[in-house]
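In what follows, every chain begins at residue 1, and chains take the letters A, B, ... in the order their sequences are listed. Because only heavy atoms are used, hydrogens play no part in the values below, and waters and symmetry mates are left out as well, while side chains stay in.
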Amino acid sequence: MRITDISSVYVKANSMLLALFLWGTTSVASAQTAVVPEPEPAQEPANQRQSLQQSQPPMPVESPQAGSNGASARAWLEKLGRAVNELEYSGLVTFEHAGMLETLQVVHAVRDGQQVERVRYLSGDPRELVSHGVTRACEGTGGPFNRAALLSAAGQERLQQAYQFVVRGEERIADRPTVIIEARPLDRHRLGMLVNLDRETGLPLRSMLIGPQGKVLERYQFVKLDLAPVEDSDLQPQSAAARRIDNSTPCIAAQSRWRMGWLPDGYRPVAVRTLTDGDMLVFSDGLSVFTVFVQRLGPELNFKGSAIRGATVAYMDKVEADGINYTVTVVGEIPDSTAQLLARAVTTGG
Amino acid sequence: MSHGNHQDRLNESLSALMDGEANELELQRLLKSGSAGSEAGQRWSRYQLAASVMRGETVARTDTDLAARISAAVAREEPLQQSASESGAAANDAGHRWRQMLSRGAVAATVAFAAILGVQQVSQVSEPVPTPQLAAETERPAQQPAVQPAQQPSSIYVPGPSTRAVSTAGPRLVPAPKSGVPGQAALQPQVPTPELMRHLNRVMIQHSEQAAHVGSQGMVPFARATYGEQDGQ
């Protein structure tokens, strides 16, 4: 009798152990989705991404019918476009990429119709940037692809060709209710995006860039948001070493001899600039941006390959024209395979 | 020969894990082989150390003997105190025994779980290093002895990610494989010259500033642009 008692107890203990281990392995498996490349990433990126949202499963905001969801996503994108351009706000932000977590202070204001922005790193090396004059300067020349691309019907139309937008649910960020919008790329040449828009204003309170394998490459997230009108003093740099940039020059300001023999669908040239040692050409699909640098640089920069920092990739290659070697660097928040293809596609304009 | 192959595969898996790109099979392989004293365990530890050194971080103690210490800790785990008031009834005795067993098991399970999660975290956040082989290991072997960390009390576990809190702005480099000889790049890792790093930083900043113009990402590009900024640039 005692023996059977004990053995049954053993069985019980063992099964509980087993349960524990099972629990352990499943949690590990779910944690792993973020790390391990799926065999077929392109097939169902949505599921993977949802698994990245480990915190809470998003609640449906409305009936998940494709039509109404798409329309609602579009409305939210318009709201986003207005918010990032017109809203005055300040706040504290965490910026996470490549395993680094940094904290920043951001201030955004509109002065005389121009956007004035200040970013100051609160961790690591002191770094600060004040940008003046991001206006609609690109609107005339750059077509629908400017910072306000989301506001124009044509811009929206283009975006819809490159991404599928889905309203994913709701979540609280920085003590404010937000709506989660997913931008699912329709090809391999852009990254996915998950953006949490403030319900009230449409301001993105969190945005994540997601790689082809469902990995979060970069996360920008508000911890604290203040929507009170920004004082002029808040726009003054706080450190002497702060960098100031003036962005009020028109977008397509120069001609370049360089052309792209190939561009992924949806991307269009939005800016051309002349540098001291070469040209830079900027392309965008309305959401993602990449820049092609073609420069005459010394032989010490003879590197072929990619450099990756968070979501930003830089692919370096060479192109020869008239017997001269030029260094091509494609930089952008794009998959590195695309950057490589783009670097190879640089030619001189016929 | 077969041993050599196995070792090669292990090393590849290890590199993949460093890059956060190990698949499940590789992870299993590593876990299977990866007692801390094993070669793979030590190599992992060296990779982490080297990666930290390469990023110019102050290197904290790397845990070569985490697994050993977990085992020791579990073995040392005191059995549950028997409540003395209870009579020595047989049922109670058995009850106590399974409780004891369960608690030990639970400790082992949670510790193992934590250890696996730790690895997961590390691989997730580890700044990726050149894919084929860790460049730092061949590049700067001379530095390694210099940063051998001091012993630390065995009860403190310093998780890997904390050694990465201090950032360096430098991007990681992945040289393009030489055509035809895929493994070749691994043998000659590209040493990033200061000029190259400066160039990359510069183009990344210029790109981000333009992106702030044209994207719909709000101030995110500014965060990127400012991130790589360093003195004298």
Problem - Separation between NE2 of H199(B) and OG1 of T327(A), rounded to the nearest 0.5 Å - result: 6.5 Å
Practice task
Would you mind checking which part of L203(A) comes under 4.5 Å of any heavy atom in chain B, side chain (CB onward), backbone (N, CA, C, O), both or neither?
Solution key: neither
Handout entry: Side chain, backbone, both or neither of V330(A) within contact of chain B (heavy atoms, under 4.5 Å)
Key = neither
Practice task
Could you look at L275(A) and say if it's the side chain, the backbone, both or neither that has a heavy atom under 4.5 Å from chain B?
Solution key: side chain
Handout entry: Side chain proximity check, R224(B) to E218(A), heavy atoms < 4.5 angstrom
Key = yes
Completion exercise
The interface call for T329(A) against chain B, heavy-atom contacts under 4.5 Å, is side chain
Practice task
Identify the two heavy atoms, one from M204(B) and one from A314(A), that lie closest to each other, and give their separation to 0.1 Å.
Solution key: CE-CB, 3.9 Å
Practice task
Go through the atoms of L209(A) and report whether side chain, backbone, both or neither lie under 4.5 Å from a heavy atom of chain B.
Solution key: side chain
Exercise for the section: Measure distances from S207(A) to the heavy atoms of chain B and classify the residue's part below 4.5 Å as side chain, backbone, both or neither. Expected result: side chain
Practice task
Among the options G305(A), G310(A), A311(A), pick out the one with the most heavy-atom pairs lying under 4.5 Å from chain B.
Solution key: G305(A)
Handout entry: Y121(A) side chain vs A223(B) backbone, donor-acceptor pair below 3.5 Å
Key = yes
Exercise for the section: For residues R202(B) and Q295(A), determine if any side-chain heavy atom of one lies less than 4.5 Å from a side-chain heavy atom of the other. Expected result: yes
Handout entry: Close side-chain approach of F222(B) and V130(A), heavy atoms under 4.5 Å
Key = no
Exercise for the section: May I ask you to decide whether E209(B) forms a salt bridge with R243(A), counting only side-chain N to carboxylate O separations under 4.0 Å? Expected result: yes
Problem - Region of H207(B) in contact with chain A, defined by heavy-atom distances below 4.5 Å - result: both
Handout entry: chain B contact via E333(A) - side chain, backbone, both or neither, heavy atoms under 4.5 Å
Key = both
Practice task
Look up atom CE in M316(A) and atom CG in L196(B), then write down how far apart they are to the nearest 0.5 Å.
Solution key: 5.0 Å
Completion exercise
Smallest heavy-atom separation, V203(B) atom then F293(A) atom, equals O-CZ, 3.5 Å
Problem - Pairwise side-chain contact, Y89(A) with M219(B), heavy-atom cut-off 4.5 Å (strictly under) - result: yes
Problem - Approximate separation, where rounding is to 0.5 Å, of T312(A) OG1 and L200(B) CG - result: 11.5 Å
